[in-house]
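Data first, discussion second: the structure below is written as structure tokens.
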Amino acid sequence: MPVAGMVPVPGTVEPAELLVRNAKVYTGDPARPEAQAVAIRGGEVIALGDDRTVAGLVGPATKVVDALGRRVIPGLNDSHLHVIRGGLNYVLELRWDGVPSLRQALAMLKEQAGRTPKGQWIRVVGGWTADQFAERRMPTVAELNAAAPDTPVFVLHLYQSALMNRAAVQAAGFTAETPNPPGGQIVRGRDGSPTGVLLAAPGALILYSTLAKAPPLGAEDQRTSTKHFLRELNRFGLTSAVDAAGGFQNFPDNYRTVIDLARAGELTLRIAYHLFPQTGGQEIADLTRWIEMVRPEDGDAWLRLNGAGENLTWAAADFENFTEPRPELTQGYEAEFEKAVRLLMENGWGFRLHATYDETIRRDLAVFEKLAADGLFPAGNRWLFDHAETVTDASLDRIAALGGAVSIQNRMSFQGRAFVDRYGAQAAAHTPPVRRMLAKGLVVGAGTDATRVSSYNPWVALHWLVTGRTVGDLALYPEDNRLSRETALELYTRGGARLTGEEDVKGVLKEGFFGDLAILSDDYFTVPEQDIAHIESVLTVVGGRIVHAAAEYEGLDEAIEPISPAWSPVAHFGGYQATPRPSVTGARQADLLAEAVAESEQHRQWRVARGFVTEPRTEIFDPCFVL
């Protein structure tokens with residue numbers, strides 16, 4: 001809302017295009033950490049100060065926004081987000097991100113089954129874990145069958161498993177004769193028929209490949225889907241992201257949508273992307289071809305190439321399925337891996353590497369140290385390890401010596417309990433060791449690894465960094481591995497900018513830097529820790545453009561076409577499901593959770609078996625499930 005309180009001032013100074021006033025601005029700039037107003041022109045910050053000092057920049061065409069005393073921060077930057085792949089599929093997915101109970105999740109699924117046309121699937125793909133539900137359990141295949149008897153349903157649970165109803169098993173073509181793929185398991189009944197449960201054992205290829213059997217969107221709907229996904233990210237104050245590529249994301253085919261949006265000036269998120277060889281055995285050929293086609297930093301401030309990865313060769317990648325033992329990588333993978341790294345470094349390409357375990361990191365570092373003898377490390381190319389949950393101090397020292405960096409994600413928010421169950425609470429306490437990374441002077445960026453593992457909501461990740469707790473409220477980290485709110489925010493702003501070489505234009509609010517900011521629904525620096533995960537942006541600005549507006553500012557953002565297809569789950573439910581904050585009355589909250597659990601069929605059966613209920617129900621789930 002353009003507001004009164006500032007009037008145009010005649011003069012020779014060129015006015016701002018957008019001015020945010022009456023704000024508590026956290027700039028992220030140590031030289032001037034606080035301000036009251038921000039002025040933007042030509043996509044850049046041109047002035048900061050109090051309302052009085054920037055008043056001279058108000059002209060007849062200046063849009064003045066009153067922040068109403070709210071907190072303003074630099075735009076957030078997710079340093080590891082599968083934004084390109086996520087955008088191509090977003091409107092097809094039923095998002096359980098933030099859903100507080102399994103009962104509600106199943107009700108959403110049942111309702112969606114009623115509108116999904118024949119031949120299409122219902123897809124629940126990432127962003128949730130059973131620990132977030134009041135019932136503390138996953139759905140069963142029987143519940144999926146009852147909710148959607150005729151519509152194929154595929155429910156992905158992290159990179160650990162997937163559930164399919166009877167219709168999806170048939171649509172995917174799974175039979176008693178279907179062999180298990182390498183690293184995966186099709187769970188079977190007594191007669192050998194698939195039960196609908198798929199297990200990553202430990203590789204997730206079985207999950208990827210099965211999901212790929214579902215019908216994709218057409219090109220125009222992919223464009224609309226991507227625009228709505230970017231707006232959903234803007235909703236949380238994200239203004240930049242580093243796309244980590246990933247499986248089933250081919251270059252250039254699957255990049256065309258964001259390239260077309262960039263050419264049309266329709267991106268609302270700045271994207272730095274990576275290239276990921278898709279086919280085992282031809283990784284070197286793919287990298288060689290790409291080096292001849294493009295170069296890192298090709299593009300502009302909205303869309304640019306950042307390098308290769310997060311895989312360079314398939315044999316060098318481990319898997320983050322903590323319900324399974326740590327995978328043993330192929331003996332001798334280093335020879336081909338060394339060729340890939342040498343090729344990139346000699347041609348000025350940076351890269352990022354998926355590495356969950358220290359055992360993988362040590363083997364990769366040995367290759368880099370061998371190449372260092374030829375002067376290739378450190379050589380100025382930006383390179384980093386992603387994830388690094390179990391990296392040791394010794395490996396961190398070696399990374400620093402070779403000029404590397406680290407990008408961490410809040411996968412432990414969703415997988416922390418599985419890690420504790422396998423390795424113990426003591427091992428989990430520094431997984432990953434974020435404070436030690438920073439103490440050693442490493443560049444560290446933060447992100448989510450959304451959309452197939454963690455949720456894309458950055459405030460869930462910031463909550464994890466500050467509190468050390470999972471989405472199920474399991475305490476993982478002692479104080480010595482938790483971050484202050486300022487440090488956590490820096491990892492989500494300047495940290496990501498450093499990983500893409502944009503620290504001189506992005507990540508802080510300062511004259512000459514991008515005009516990227518968010519006005520928050522609540523003050524990140526003062527809300528109780530447990531409320532950090534509930535923060536959203538009420539107004540998000542990228543390059544001076546208002547790309548998201550809510551609350552008092554609704555209608556100020558740029559128009560966007562309706563979601564297509566009309567039956568899309570996102571069209572009806574939206575994306576992340578914002579839930580009311582926990583009540584300050586802890587006893588009442590506990591009562592409500594107890595009531596929800598008591599109504600679950602699993603708990604009811606427990607009571608029936610012990611004689612607490614005389615007549616067992618015959619339904620698969622309770623009648624509250626029915627809308």
Side-chain angles (χ1 to χ4, degrees), residues 43 74-93 95 97 125-127 217 219-246 249 254-274 299-304 306 447-452 454-459 461 492 496 500 506 514-519 536-550 553-554 556-564 568-571 574-576:
L76 299 179
N77 185 347
D78 190 321
S79 68
H80 186 121
L81 176 65
H82 295 279
V83 60
I84 294 174
R85 186 177 67 193
L88 296 177
N89 298 283
Y90 174 61
V91 302
L92 288 176
E93 296 171 353
R95 302 302 305 182
D97 308 49
V125 185
L217 287 170
E220 193 56 38
D221 281 343
Q222 284 184 339
R223 181 187 178 94
T224 302
S225 177
T226 298
K227 291 177 69 174
H228 278 275
F229 184 48
L230 300 186
R231 288 296 187 95
E232 173 74 353
L233 299 176
N234 298 149
R235 166 189 166 192
F236 296 101
L238 279 164
T239 60
S240 292
V242 188
D243 186 88
Q249 184 171 310
N254 296 129
Y255 292 71
R256 286 192 178 120
T257 297
V258 292
I259 291 171
D260 289 347
L261 289 173
R263 285 174 177 159
E266 295 183 57
L267 288 179
T268 61
L269 188 83
R270 304 183 192 277
I271 300 172
Y273 62 89
H274 287 77
D300 57 23
W302 288 92
L303 183 66
R304 66 205 300 268
N306 198 50
T448 59
D449 201 11
T451 59
R452 294 183 175 178
S454 304
S455 172
Y456 49 74
N457 183 346
W459 298 102
Y492 242 101
T500 58
K506 185 190 290 187
F514 292 154
D516 301 349
L517 59 83
I519 304 177
E536 295 189 17
S537 172
V538 293
L539 188 119
T540 304
V541 175
V542 188
R545 295 164 50 198
I546 299 175
V547 296
H548 165 76
Y553 310 102
E554 188 170 352
L556 278 186
D557 51 352
E558 301 169 353
I560 186 171
E561 62 265 40
I563 291 174
S564 177
S568 159
V570 176
Y576 189 92

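What you are looking at is a predicted structure, and each value in this text was computed from that prediction instead of being measured. We count residues from 1, following the sequence as given.
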#### Entry: From OG (S564) to CG (D221), nearest 0.5 Å
3.5 Å
#### Entry: Distance (rounded to the nearest 0.5 Å) between L81 CG and T451 OG1
7.5 Å
### 4.5 Å side-chain heavy-atom contact, E232 and H548
no
## Note on the structure
Across all chains, not counting sequence neighbours, the ring-ring contact (aromatic ring centres under 6.0 Å, His included) partners of Y492 are none
#### Entry: Contact summary for T500 and V242, nearest pair of heavy atoms
CG2-CG2, 3.6 Å
### Query
Ignoring hydrogens and geometry, is there a side-chain-to-backbone donor-acceptor pair from S225 to G87 under 3.5 Å?
yes
### Query
Stepwise, does the side chain to side chain contact (heavy atoms under 4.5 Å, CB included) test hold for V541 with V547?
CA-CA 6 Å; V541 175; V547 296; over 6 Å; no
### Separation of Q222 CD from L261 CG (nearest 0.5 Å)
11.0 Å
### Message
My understanding is that only one of D243, L238, D78 makes a side-chain contact (heavy atoms from CB on, under 4.5 Å) with V83; could you say which?
### Response
D243
### Query
For G543 and D516, which heavy atoms make the closest approach, and how far apart are they?
N-OD1, 2.8 Å
### Message
Contact between R270 and R304 at the side-chain level, heavy atoms closer than 4.5 Å - yes or no?
### Response
no
### Query
Can you name the side-chain hydrogen bond (donor to acceptor under 3.5 Å, both in side chains) partners of Y90, sequence neighbours left out?
none
#### Entry: Test salt bridge (Lys or Arg N to Asp or Glu O under 4.0 Å) applied to E220 - qualifying residues, sequence neighbours left out
none
### Task
Enter the distance from I546:CD1 to L517:CG here, rounded to the nearest 0.5 Å.
9.5 Å
### Query
Cation over ring, R95 on Y576, under 6.0 Å and within 45°?
no
### Query
With H82, which residues qualify under ring-ring contact (aromatic ring centres under 6.0 Å, His included), at least two apart?
H80
### Task
Applying salt bridge (Lys or Arg N to Asp or Glu O under 4.0 Å), name anything that partners R545, two or more places apart in sequence or on another chain.
E558
### Query
Do L88 and Q249 have side chains that get closer than 4.5 Å, going by heavy atoms?
no
## Note on the structure
D97 and G126 have their tightest heavy-atom pair at OD1-O, 3.7 Å
### Query
Taking side chain as C-beta onward, heavy atoms only, is L269 less than 4.5 Å from V542?
no
### Query
Would you say the side chain of F236 lies within less than 4.5 Å of the side chain of P458, judging by non-hydrogen atoms?
yes
### Query
Judged by atom type as modelled, is there a donor-acceptor pair below 3.5 Å linking the side chain of S454 to the main-chain atoms of T448?
yes
### Query
Just how far is it from atom OG1 of T540 to atom CZ of R231, taken to the nearest 0.5 Å?
10.0 Å
### Query
If every non-hydrogen atom of S537 is compared with every non-hydrogen atom of G237, which pair is closest and at what distance?
CB-N, 3.6 Å
### Query
Between R223 and D260, does a side chain to side chain contact (heavy atoms under 4.5 Å, CB included) hold up when you go through it step by step?
CA-CA 9 Å; R223 181 187 178 94; D260 289 347; 3.7 Å; yes
### Query
Going through the distances and angles, do L267 and L230 end up as a side chain to side chain contact (heavy atoms under 4.5 Å, CB included)?
CA-CA 8 Å; L267 288 179; L230 300 186; 3.7 Å; yes
### Message
When you compare the side chain of K506 with that of S240, does any pair of heavy atoms fall below 4.5 Å?
### Response
yes
### Task
Show the numbers, then the answer: is there a side chain to side chain contact (heavy atoms under 4.5 Å, CB included) between T239 and N77?
CA-CA 6 Å; T239 60; N77 185 347; 5.9 Å; no
#### Entry: Minimum heavy-atom distance between G447 and A461, given as atom pair plus value
O-CB, 4.1 Å
### Task
Measure the CG-CD1 distance between N234 and I560 for me, rounded to the nearest 0.5 Å.
9.0 Å
### Task
Output all residues satisfying ring-ring contact (aromatic ring centres under 6.0 Å, His included) with Y273, sequence neighbours left out; order by chain, then residue number.
Y255
